Amino acid sequence: MEIKTVNNYRELSEKAAAIVAGELNRRPDSVLGLATGSTPEGMYAQLVKMYNKKEIDFNDVVTFNLDEYAGLSPEHPQSYHFYMYSNFFDHINIKPGNIHIPYCGDQDLDLACKEYDQKIKDAGGINLQILGLGVNGHIGFNEPCEYLYTDTHLVDLTAETIEANSRFFSSREEVPRQAVTMGVASIMHAEKILLMAAGENKARAVQLMCCGRITTSLPASLLQLHRNIVLIVDREAAALL
Ligand code: F6R
C-alpha cells in the first residue's frame, strides 16, 4: 500500500485528480469505478476543471459506481444518481450509455445485481477504482459483518453508517436503511485502487485498515491484499499511522 500524506483537503483532491488524469491520458478508454460521499467531491470538481482546460477527455471513458441507496429515486437530491450527475457527469463529455450506477427500482433485484456484475466483466473489469472510507471501515457499502459478499448485493446499513450519513438528510429517520453495493470481488479485481480519507473521524479506520488484522469486521482491511493501491490521507486522517 502506497501512502501519500497531504496537508489538507485541497491537496488531497488535487493529488487524486492528478492520478485519475494520468490514468485517462494513458488509457483514454479507461473503466473507472466511482465513489460518492463528501470525500471525492473536491476531486470531481478538480477533474471538471481539468476537462474545461482540455487536459482530459471522457469521450471513451466507462464508469461504474459503487453503490446506491435503496428506496430513493434517481431524482432524489440525496440519491447517488443525483450526486454523480450534479457533481460530475453533467459537466463532462462522458457518453450517457457509458455511465453505470446500481439502481434499486421495481425490477428483480437479484437479476439487476447479476447484470451489473456482468456489465463490469463485459467492460473488461475496472482499471481504476476510487474509494472513500466509512468511519466503520466500510468500502462501498460493504459493512462490517461476519462475512463479506463477493458480488453486487442488497445490504442493510449499519447504525454507524446511518448516523454518519444523516448529515446529508434532514433527520436520521430519513436515511435509507438499505443500499445496493458492489461486492468486494469487483473492488479487489480492479487493476488499481485509489482510496482517499480526510478528517480526524477517519483516523481510527485508516489505522486499522493499514496496520490492523485483515478482518470482515473492518472490510477495508482486505485492501492490504491488493497489489496496486494508493492511499491519500490528510494529516488528520493519518494521525494514528
Ligand atoms: C460512497 C461509498 C462510501 C463512502 C464512505 C465515506 O459511494 O461507497 O463507502 O465512500 O461512506 O463517505 P464520506 O466520503 O462521505 O465520508
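Atoms within a ligand are numbered from 1 in the order they appear, just like the ligands themselves. None of the values given here were measured: they were computed from a predicted structure.
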Legend entry - Shared hydrophobic cluster for Tyr103 and Leu34 (ILVMFWY, side-chain gaps under 4.5 Å): no
Legend entry - Phe169-Tyr69 aromatic ring centre distance below 6.0 Å: yes
Inset, instruction - Quick one: pull up CD in Gln224 and CD1 in Ile214 and give me the separation to the nearest 0.5 Å. - result: 4.5 Å
Inset, instruction - Looking only at non-hydrogen atoms, find the nearest pair between Asp67 and Tyr80 and report the distance. - result: O-CD1, 3.3 Å
Inset, instruction - List, ordered by chain and residue number, the protein residues whose closest non-hydrogen atom lies under 4.0 Å from any atom of ligand 1. - result: Ala35, Thr36, Gly37, Ser38, Thr39, Leu66, Asp67, Gly132, Leu133, Gly134, His138, Gly140, Arg167, Lys202
Inset, instruction - Output yes when a side-chain donor or acceptor of Asn142 lies under 3.5 Å from a complementary backbone atom of Ile139, and no otherwise. - result: yes
Kindly list each side-chain donor-acceptor pair under 3.5 angstrom involving residues 51-59, sequence neighbours excluded, with atom names and distances?
residue: Asn52; atom: ND2; partner: Val48; partner atom: O; Å: 3.4
residue: Asp57; atom: OD1; partner: Asn93; partner atom: ND2; Å: 2.8
residue: Asp57; atom: OD2; partner: Asn59; partner atom: N; Å: 3.2

